[in-house]
Amino acid sequence: MDISSITKQLETSASSLFEKISASSVTDRGNLEKIGKVAVITWATYLVSSKLYDAFLGPLSSIPGPLGLKFFEMRYYPGIESPPGSSWEKIKAWRDQYGDTVRLGPNRVGISDKRMLRQILLKDDLPKGPMYTRLQRRSPPTLFNTRDKPFHKQRRRIISPAFSVKYLNSLEGYMRETTQSFIDRIDRDINETKNENGYGQVDIWILLQYLALDIIGETAFGKTFHMLEGNDHVVPRTISISMEKSSYLVTHPILGPLSMLLPFSGVLKANNDLKAFMTKIIVERLKGGEKARRNDILQILIDTQHANDTEDRLTAESIAQETVLFLVAGSETTSNTTGFAFIELMKNPEAFAKLREEIDTVEFEQGQKLFHNEQLKHLPYLNAVIDETLRLDAISVGGAERMPDRDIVLDGKLFVPKGTILHCNMYHAHVDPAYWSEPEKWIPERWIEDSDYPQKADHDAFFPFSAGSRNCIGKTFAQQEMRLSIANLVKLFDIEAIPEQVALGEERRAFITLQINSNSYKVLMKRRTTNA
Ligand code: HEM
């Protein structure tokens, strides 16, 4: 018996029952009860038949996927988040089993075909999906979480000058100053733990986190948080609580309205502290006039007050929210990618040697203790190390959501009705054997045109910063920061793996961004005595 006949029978039996009952008197209480039962049965019948229709006959029915997900949302799939932060691995296993279009829910399709991804993100530039509304909670939307295209276009136009190459060049001084504090901190840690060969233990993962936080502090907030000097600051602390909570709200939307009542330790207090901190900085800048001006991202946002068009003037609340967004979107993404690059370099000593050989062809400028971005921008192996890490250890393993506002056909073959949630799994495209040879191996040579590695990188299947109007506004900022930290460390220090730590680097979880379970990865380091 096929599904359509089951559905028909259910509908017929419910309507005949309804007819029988309506024929009798409705005045007595018994009949009222029967009517109630009929209403429930009719509703249940409708629900079951529409679920069966969507699962087996609807427009998404031909897309393969786990049976349960044809009926229920992914968050109800048994064990999907057990252990916490592991759902991305299950989704990857489904992709390997079912292919590059997978049914991931009654109304959700996972996409990792590179042509379809380009169409969704770039050519059709579809609006963001409902996940981003959940991230808004009760605050006004930001550049990242708005789903409104005209609002986004206007906000992006206002904020873009803060991320232009020219403006970023002018911020390089802050990045280099902070990188110097990072090097000083490493020297301190080495001295405290030095062995007979001069090597000390350094938690490179944590120090990279502090570096990224301090860099955003300097450039976006106008103040370093002094994390590298061992400070505990309200801003990073609040953001870290908020990230954990946001990740939970994305997977458990029902908790949204309840979230403020739940005992998320100190969330309310931390949020108030953060608001007070931001308000103080903005008010100081506004009151201080010309004297208080500083060359940074915050200043660009504050300067929108002088825009001709009143709609382009950001309110104090929006300035605070957007700067906090840069910290959330710009710190862990960058520090974890750099951390993964070191984890890969420690597993591949020949690659480390090649990178060092390249870096050693460049000398610090006279009187300088660190490189400039301009000296590093075009180094092929350094950029290949970064790109290969962005491919294989992609931070956004959870993917991004888009939702078509009209019926569309993907790549001329897959009909997708308006309102379907398209779960864009860019990471899956990064490791698809159809696009990459030895996709699970970390091979920087694939990015180098004149290397011996036969199959070169497929740039059309590479989306680390997404694509289209909602691509990453901080891409150049992140690349600059990653080049500076990797090149300076490789130039100044000998770095060696600690065998037990290598295994730790393989255990991963994702709460919005990919990270290592241990949140710590130690290496042995000592100052170089030659070539430095
Ligand atoms: C290696 C580092 C980084 C990676 C891999 C990365 C990746 C991404 C990706 C994949 C998106 C699209 C997300 C989506 O559609 O859901 C995105 C958006 C965004 N990123 Fe980044 N990002 C990085 C660093 C940064 C930095 C340093 C900043 C700011 C200082 C930043 C700010 C943003 C913002 C504001 C958006 C939203 C843009 C919009 O919708 O117009 N990111 N990023």
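In listed order, ligands and their atoms are each counted from 1.
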Is the backbone N or O of Asp125 less than 3.5 Å from a side-chain atom of Lys149, with the two atoms forming a donor-acceptor pair by type? yes

Got a donor-acceptor contact below 3.5 angstrom from the Glu481 side chain to the Thr334 backbone? no

N/O contact list for ligand 1, threshold under 3.5 Å:
from, atom 1, to, atom 2, distance (Å)
ligand 1, 15 (O), Arg402, NH2, 3.3
ligand 1, 16 (O), Tyr132, OH, 2.5
ligand 1, 40 (O), Leu143, O, 3.4
ligand 1, 40 (O), Arg470, NE, 2.9
ligand 1, 40 (O), Arg470, NH2, 3.3
ligand 1, 41 (O), His152, NE2, 2.7
ligand 1, 41 (O), Arg156, NH1, 2.7
ligand 1, 42 (N), Ala329, O, 3.4

Give the ring-plane orientation class for Phe462 versus His430, where under 30° counts as parallel, over 60° as perpendicular and anything between as tilted. tilted

Does Arg294 count as lying over the ring of Tyr174, i.e. NZ or CZ under 6.0 Å from the six-ring centre, within 45 degrees of the axis? yes

With a 3.5 Å cut-off and no angle check, do the side chains of Gln455 and Ser437 form a donor-acceptor pair? yes

Would you call the rings of Phe225 and Phe277 parallel, tilted or perpendicular, where under 30° means parallel and over 60° means perpendicular? tilted

